[in-house]
Structures are given as structure tokens and as C-alpha cells.
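Quick notes on the structure that follows.
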Amino acid sequence: MRLGIAVGSACLDLALMHGDTVLASSKCPTTGLLTSDLRTSLDSLPHLREYPVDSITVSAGWLTDAVRAGLGLAPIAALRLTQSGGHALGPFTGWPAALRAAVDCGSAVLTGGHDLAMRQLAPLDNDAIARFATTAAARGARGIAITASSSPAAPEHELVAAGIISSQVPGLPITLSHEIAGLGLLERENTALLNAALRPLAERSIDELRDVLNDYGLTAPLMFARHDATLCNAERLRRFPVTALESGAAVALRGAAVLAGTNRAMVMEIGARSSRIGFVENGRPLLTRHSEGMQVPGLRVALQLPRTLSTPIGGARTIDCRTGELLDAHNPPVSIGGGPSETVFDAAVFLGLATAPNRVQMSALAARKAVRTATEQLRRLAAGVAGDRTPIVVVGPAADLGPAITGLDVTLPDHASCAPAIGAAMAEPAAEVERVVVTGNRTDLDRSLTLATEQAMAGVISAGADPAGVEVTESSATHISYLPGSVFRLRVRATGRIEQSGGRR
Amino acid sequence: MTGIPGLEPLTVAELLCGGPLNTARLACDVPLDRPVAEVRLLDDAAAAISCPPHTALVLTEQAARGGWAVEVTLRQAWERAAACVIAHESVVTSPIADQVATRLGVPLLAVPDDPHSAALRVAAAIARPEATRSALIARCALRLAESGENARAVLGTLNAELPGVHVALITGSGTLLAGRAAALEAWQTPDPAITVLSTPIPGPDGLELGQLIAAVTGRAKAWHTTITAVLSIALAPLTAWAATERLRTDRAPRLATALLDRLLTEETPETLVEATALGWPLDGPLVGIALLRTGPAQDLTAALTGALTAAWDLPGPLVAHGEGWVSWCRDPISWDPALNRLNAITGLAAGVAGPDRDLRRLLTQAGAAAVVARSHGPGTLVRAGELGPARLLAALPAELSGTARDVLAPVLAADTDGTLLATLTSVLDLGGSAKDAAAALGVHRNTVATRLERLRELGVDPTDPRQRLPLHLACHLVR
Amino acid sequence: MTAPITRIEAEHIPTLQAGAQLLACGTGGGDWLVLSEWLRVVIERNGPLTVAQPEDLDPEGACAAVHMVGSPMLMEEQLPTGGELRLAIEALQRWTGRELTAIAPLNAAGPNALIPMIAAAELGLPLLDLDGMGRIFPLVDMTTYALGGLAPTPITLTGTAGEVILLDGPAGRLEGQLRPALLGCGGWACCASYPGTIGQFAATGIPGSVSRVLHAGRVLRREHGLAEDGFARQLGGRSLAVGQIVDVERHQTDRTWTDGSFPAGPSSVIIGESGGHGRMIRLEIHNDILLALADGGVIASVPDGICLVSGIDRQPVDVEQLQLGMRVEVLVLPAASAWRSEAGMAVAGPAAFGLAHHVPTGLPR
């Protein structure tokens, strides 16, 4: 049995899975208080204690929300190590002002780093690093992210700088960029900075979660869904919380594929305030190297996020009850069916399209108009996507609106509203390693690839996989063009599975 | 490097088959009857543009750098109606080239040696087509002699040595004995694009044993002649094989029957060892079939058993047993195809039973079911578990009807219009219910009661448990 | 094509980047986050930049191509300090004694679509709406500028450490000098080259190239209701096939750099066409896609641009991202007519890429 918990910005979903079968699921609106929301949800599954739960996977949407809203993040310092000279593009370049204000506790660009031929760009200035650490701590930094040029190929300077800082300010959490991402300094630095800013929140929330789960006798290993719908264990998440960003979108896609029993699908997640289209290939969310999936405009991170297209229309869009017109999207956010104003979803319930207690009085004409306007926008979102006419699986809290979309081949699976929790429960451990090697000969390259493979496999086992079932699903050495010498980018990805037993206790 | 005018040019198949390219790997599945009139060495793929039709294009290693060069040449070959493309095997590594060749229908041959020398050999061969053909036939004769007197080996050799040709050994009625099913398919469903060459095989007794058939695409006459020549060389080992087989099947079935009888009556260690040596399944849940002839009763001939055994392709032995044949094996299988095939040889009905751990019980049940099946005509298959009383009754042997008349003599004597017998049968059929019988007969219940009273007076009581079964059987036999 | 662009503002950057990525024909090599940030920072500081049609400017005004050479991926790791472009242009001005009045792109595709915009915004000069390639070619002298008689030299290179290198001499010797100089700069450098007049650029350049980048980006991002249908046509090209990648052949041995001018190993991608005739499509790649074969028949080749978009959402796909099973659409974007001349084909046709003997003439159009 596997328990999936998906904490979104509007709802908290639970699903108990045995293999591909959903044994129980529940959905509760969130109040913003993680522990009480979780207790409410767990209380709604009274038979939970009867099942032997082998693993619990949480999609930690509150981490994404924290970045999106700039709330709950820790003030942090950024240290970049690169060549001397001007720097037009310093740390926090391109960050949305509000987010930057929430976390920026000082930054410095000091000498250090390497080029991709492993040559040192400049020597480290140990004293300057120590001074920066002291200043940052004095200003209240609760973490520091160190990014050196070419650290995926030559991590030495990041490691030395970390040593200096930890002896100067003991106990200050340090994030090293080469542990987070590969080539692309700005993205790697952004990701490391976010990671540093999320760490205190992650620590706190993991502890709270663990306590609540223990209260319910759920002592199984606690796992967290990552940005690609794979998972890692709680210990890894404490160090790398940034990997859980956008996990909600990823697990929703994965869950939709499981529910529809398909390996390949176009998935429409109809949410409360917005809806998005994503894709599933080989049962996994289709990821993009680019950061279009990131919901924080302007902030680019080095994470492969689900490739999605979205539209700001969802079940909780308020409507004018008399005319059926959709009201301004910037109205105060309401829940799907329970807030003070009438919503598109209410109109759908009124028309019998969705199953929920009817709570509005309106004309059928107005209700139809509201539903038609909303579904037409959803249709346009889907119709803009190229490719062959793959059937669309609709999931999400307002998935009931899906079948009302005309002209599309729409499937509404059972438990559609709990797809994220199902996707979370079905997540499997994975780990990837990206390295850059400079080598003149094949033997060296092979040796580096073997090493990277071992690291990936160790990573996936430490993420919670059964050591017997680990396999390398991707392994490549790509030559980087236009470079002096033979520089290769190695990428290895390993996946595993979590052992599970069956049956009711 | 042009072929001799007037003589029919060699085909790609002949170049491959024992010819100058016999070491080549054919990388695609395409017809090989294309005549080869000329050879051209290509230093680059685009040079194929100037080649006349029916040219064998040989790519030098220089020209074949990169998998795409092979594809470009294939395309050129297709556009120029070239005979084939020959390249060194080191450049035909991508499965994509094979797929393109197959899609375009251009034979792609990968040679292990220097393409230059392959080109020279091809040039020499096409200059002397008749000599090449003779060499080819001679080579086949040698290979056939090496393969020995065994149908499978002979057919294996033929199929290996005749590229692009499907050869099979079939019975007169069209059952595949050895070789490729594709040949039989072509024989059964004529396709204008495919020529089927056939040669009858005389058996040891002079009767036709079957046919050797070869399906070949295209109409190249000389190639057909070559194939026919090779087929006729294969006749001798096949006839010899048939004689040996006949001897064996003549003897073996009787031994098997005797062994099965011993096995079923007294299971000794010796019988078990013998049966095990023959590969008979003996332990575990077994499923079994019994086959009975539906035609007029006659003795089982060894020849018939031999024919059936030859056509039997299911796991487990086929053994003559009692009036018919039985077979059994471990895993439940579909018997119908085998029954249909055997039924085509002689009219057969079958009963199947199992799974059962006991072989004796299994075969008895299958036998009983076969008796029922026989009453329904040839091709019927009855499962022991499905035997209803009615079907059992329907299958009672007609020889018993005399006895039945004796049993019912008092009734028959008194029953002038048949109403008594009908009533008795009906009551028995309906489990002794006078009411149901009245309804079935369309008479009043009292009428049935009166008739039953009369029957009892005649000494016949359908409610007497000791009488009920014999009476019921007798009723059905008499009617 | 749509109306020419006249100004580039910060909000255009994501669209420009998407368009530049598509026109790079699979060789983009990354996101160029650094470049788009650099452009945004400069525009935010100096204001939007002007894109000019050459006929609106004085034809006698001095102009030069501004671009980068080397690895865009290296730039992502060794960030620019911000002064490189100005330094390169000033060095060229000192050497030629002429002050530039406009900036031209070398090739308005890939990273080099954005670099001249940064330079134009930085120096407050207009950017000419033209380019010298209409796509990406591997060598600096493979341009219609050179084809029209404009010399790439003198050329200046500036590195992130403040290096300034000036190379002058016959165009034919340039590539041999450029590569070592580039290595000296650490793998990537900013350049100013092709010093000439606006009139010369107008006469030899491919017109409308900068506007085309924005237009391509708008189609890809479905802005202004574009790309609802006729996707390839709206990009000015046509769709060759849609299919699934069935094989990726990589040659990543030590052969790199050994065979002279093209610093990358060749490789092939095989696509099984879905629907249609079910053809086997082979793409031959040497850095960029040079040749497309369908069942062995040439269906497209250089100088036309052959590019791949995702078969799912039609976003540009880099050749390095290609994986087995991926669904892709192959597009061909016809080359500028200048490349179609005999001289043009000699520079940028199949022959220039070592495919001369293999590709039959008379390519289908």
C-alpha cells in the first residue's frame, strides 16, 4: 500500500493505492495550516489504520507556493566565484522584485572558479570569503548559496569556500551549486539560491508532517515528490528542497496517466483558478529543459519541469448569476464550491454536470452560458496544441467541467479530482547526475561515465529505492561543440522502485 | 562487364545461391529474381545516376562512408531499376538501411570481403551464366548429399541454398510435413506474382508420397529451371527417407499400443521406464483425448495410425488404443485444430477429459466422451465434463436394443398404440413427476396416473430405484 | 511576412529568443539565459533599441557585423562582464578610423540574433534589419556579405578577461587564425567584423532577417493568434514529415577536431514517419542538420535550413536533446535566394560540407 498526499494551494488530496488500484481517496479544501489540513484529511479516511502503508509520498505544494508568494522564505546570501572584472549580470539578476526582496540578504562576486578546460580562472580570496560570510550572518542571512564558474566540472572552489564559511559562521546552512545542477551558471545559481531560501521552511514542515503522521500510526518512510514526478526521501529533501518545486503539476500528470490506464496522453488539469495542459509520454510527464513551466515569471531555474500551457480559467472563476458572464479573473480568490460568490463550478453543478450539492439559484440560460464560455476557453487551450489528436484526460478539482468541452475527445476517469495524490503515491525514486569531463581519450571518458553511473545509482538508493530494482534509464556523453579539446557533458539517470506489500492488515 | 546477349542473364538469387556472392548477407526481405546484366563499381553514391537498368551496384568503402550513402545508393538503384546494391558488411550496420532496402524492394547485399573482388566475381559470373548455373546445381547436390536422408534436413538445406525461395514438403491433401509454411500458403492461394514449382515424390511402393513445392517470386525462366533441377536432386534422399519412416511407423505404433495397455493394467517399474523413455507424460494433472472413427467399423491399420501420427503435432504421444487412438499431455491445450487435421485424413470424433491425475480414469472418461461424440458425426468434440444424461442416452450403442426389448417385453406386448411406452419414457425423463409428464404429453394428470397403474400391473415400476435406470435406458433404446 | 519591426523592447525578449532558437536549426545549444538577461539589463538601462531598414539610413555611414564566436554554452558558464561588445566595436573603429553609424547582425539566428541587439542598445546605434546567413553556418566567412565582395576582415575579438585581438589579412586565412585566438580567449569571444558601409550591407545582406526572428517567435509562442493552422507556412517553410525518432547514431570518438574546419563529430538521426507513406527519414548532422533523406532520396539539404520541432507542442528541439522515441516534426526553411546562385552553392551548398559527391543535383524544391 502506498499513501499519496498532494498539498496544493486550494486542496489537500489523499490517495491510498495498491498497485494501480485506488483503494481510497479524499479531497479537502486547505486553510493554509499544513498540520490541521492534514489531520482533517486523514480523519476523512477512517479505515486508514487497517492498511499496511509501506510508503508515504507527499507533493509539497507549499514549497512552490512559498516561492510564488515570496512568503516563508529565509533571507539568504549569494556568493559567486568567477573571474575578476565587471559583472553586468550579478546574483539575483532577473528575479521578480518581490521575490528578491523576500530573500536577498546580500551578495558578492569574488574571484575564483574555473573554465571548462579545468583551468583556474582566478585564485580564491580566502579573506574576502570569510569577511563576506561574517557580514551576511550579521545581516541575518539564514543560508548561503555558493556558485563557482564551471563547478559541475571543477567543484573545488565551491568546496574550499564552503569550508571557510562553515569555520567562520558555524551552523549556517550552505548550498553548493554543483550539487544542484549542471552547466549554465545563472540557472544553477538561481536554483541554488532558491534552495537555500527554502531549506528552513522544508526542515520545519517535514518535522511537522512527520509528527502528524506518527500520531495516525503512519510510521512508514516519508518520501517527497520531485519536479519530475519521481521521489526522494525526507532527508534528501531537507538538503535539496528546491527539487520539489512544481511537483504538483508533475504528480497530477502522472496520476492522470495512472487513472486513465495509458502511457501517453494529453492531460488537462482543471483547477480552481487556472487550468493547464500537460503531456505524458511513456507514463512520465513530458519535461522541458526550459523553465516555461515555472509559475514565477522571470525566474529561471535549472530544473526540468513539466511542460505545460495554461489559461487563467478554473472552476472557481466567479460569475454573474443573472447574465452568466464570467467576472474579472482578479476577483478575490474563492474556493471551487463553498466561497461567498457563485462560480463556474456552481453553474455546472446547477446543470447537473458536476456532482456536488447545488447551492445556487440561477436561470438555466445563464448557467449554460457561464459553462459554455469557460469550456470554450479550455477548448482553445487544447486546440492550440499541435500533434495528433491524442485523447485528453481531464483531472483536477474542477475536472467535471471536462466532458462539457465540445469538439474534444475527453476522458474523465474515476478519482479524477485526486489525480495529484495518486501520482504522488505512484512516484518512484530517481536520481540524476550531470558532470562535465575534459578528456582526450575514450578510456577516461568511460571511467567518468562509470563513476557518474555509480553516483546516480547510489543517489537513487539513498532516495529510498529498493537496491535490487535500480536501473539506469538514461546514460549519455555528449560532446560540447565549439570548445577547445574534448569536453563532454555526461548525464546519467537512474530510477528505482519502492518495495511494497499488499493486502488489508 | 556486360552479360552475354541471347542467354538469359543470371538473377540476384543465382548470384547469392552458391554463386559469386554466396558469402553475402542478404539484409532485406525482397524478391531476388532480378536479372543482373552488368556490374558497376561506384566511388560515390551519385555515380549510380549513369547506370543502365539491371546493374549490380557495388559501393566501394570510400563511397559508402556514412549510413546515408548506402540509403542514397538504394534510392538511386530503385530509380534506375538496378539489380541490387552490394556493399561491405562494415557499412551495412544500420538496420535503417535494411528497412529502406525492403521498402524500396531493392536487394541489399553485405559482403564480408573487399567489394572490389566481389564486383570482379560477379562480373565473371554474369559473363558465363550457364557455367554459373551448373556450378550452382552441383553445389546444391553436394549440400543435399551432406544433409542425409532426413526430410527436415533436406528441406533445411533447400531453403538455405535457394535464397528468396520458399520450399516445403507437403502431403497430397496439402498438409505441411516439413519446410516453410509460406510455400504451402502460396500453393493453396494462387498469387499471380508468385510461381509455385512442384515435383511429386514417389514413395517406396510407387505410390505418390507427397509433393515438393517451391514458391518463387517473379518469372525469370532460367532461375525456375535451376530451381526445378535442384528440387529433382532432392527427390532421391526424400524417397529414401520415406521408406525408413514407413518402416518405423509400421513397427512403432504397435509397440506403443502394447506399452499403453500394460501401463493401464499393471503399472510396473519397467513399463514406467519404457513410457518415460518415450517421453510420455505420466505425473501431474493430465488432459487427454480419445479419437474414434465415425465410419463403418474396421480394423485399425498400422498405415492409418502412421498417417495420423505424422499429422499429430500436439505435445504427447498418439497411441492406438482400443477402437481408436488416445493422446494425453500435461498442459491444457486446444484440441480442435489437431482434430480437424486428423479428421481430414479419416472421419474422426473425439472425447476429451481432464485435468485428472489418474491416466487410466482420464482415458476412460475421454473414451466415454468419444463414444458420445461419435454419435454426432465426424469432427465432433465432446468434453467429458459436459456429458449430460441425454447425450449419454443418445449415445447408447444400437446393439443393445434387443436386450432392451426383452426388458420391456411385457409393456411392448400390451402397448398397442405406443402410449404406455411414451408415458413411461416421459415420466422417467422428467424425474418421476406424473404432473410434468401429463403436461409434456398433453393429457390430463389422471390419465398419466391410470397408465402408470397399468404399467405397475405389468411389473414395471418407474418409482422403484432398482428398476429405474435399466428401464430408462431401455426406453431410449427401443424408441 | 508581417510588417518590419522598428523597435525592440524588453517584452520582446522571450519571443525573440524562441524565434532565434528555431532559426538556429537545432544548434542553439541551450537557453542562452545569459544573453536574454544581458539584453534585458541593457534595454532597461539604455531604453529600447531601434531596428532600421537600410534604405532609411545614409548609405555611406559606417557599419559592421557584431556577433560572438565560440561556444554559447561556455558563455552560460563564463559570463560576460558587460563591456566586451563595446570594446570590440571600439577596437575596430580605431583600426579602421571610422565610427559606426549602424550595427548589422552576422546571422540573425541562434545566439547571434541577440548579440547585435545588445550591442545596438549598448551603443545607442540602429540595428539593420538584415543578416548575412539567414540561418547559422559554422564559419564567419560563410555569409552573403562575403559572397557580395565584403571582406570579414579586419575582425576584432574580445574576451571576458579584457583581451582584445585584432585579425587582419586575406579572408581565406581567417578561420585558421580565428580558432587559436578564440581558444586564447577561453572558448568564446565577442566580435566586430565586416567593416563596411550601410550601402554595402544593404546590397549584400538578406533583408528582413531581424523582423523574421520576431515573427518566428510569435508563431512559436502563438502570439497574436498565429499558428492556429499553417504552422510551417507561417514560418515561411514547409513541413517535411512528422514521425518518431527510431535511431540516433552518434560518432563521439576522438575524431573531433581532427578533420579540420568543422569542430564536431557527425551523427545521424532516423525518423520513422507516422502516417503518410511511412518513410524512413534520415537527417545527417554536422553541428547542424545538413541533409534530409526520405527512403534514400534527398528531400532537403543545405543551404536550406532543416529544423526540428517537438511533435507534441511544436517547440524547437536541439539536436543534442534528441532521444529515441521522441515525436518530432521536420521543417525546412528555404535559404535566401543569394545562396541559390552557383557561387552561393559553392560556399554553403552540400559540396561545402563534404557532401558534394553524394548528393544528386536537382534537389526537389
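To find a chain, count down the sequence lines: A is the first, B the second, and so on, and within it residues start at 1.
The distance from the CD1 atom of B:Ile96 to the CD1 atom of C:Ile281 is 11.5 Å, given to the nearest 0.5 Å.
With a 4.5 Å cut-off on non-hydrogen atoms, B:Leu104 touches chain C through its side chain but not through its backbone. For C:Asp295, the parts lying near chain B are the backbone and the side chain together; criterion is any non-hydrogen pair under 4.5 Å.
Summarising the geometry of C:Arg279 relative to B:Arg103, their closest heavy-atom pair is CA-NH2, 3.4 Å, with the distance given to 0.1 Å.
Within a 6.0 Å radius of CZ in B:Arg25, more than 12 heavy atoms belonging to other residues, nucleotides or ligands are found.
Between chain B and the options C:Val246, C:Leu293, C:Asp247, heavy-atom pairs under 4.5 Å are most frequent for C:Leu293.
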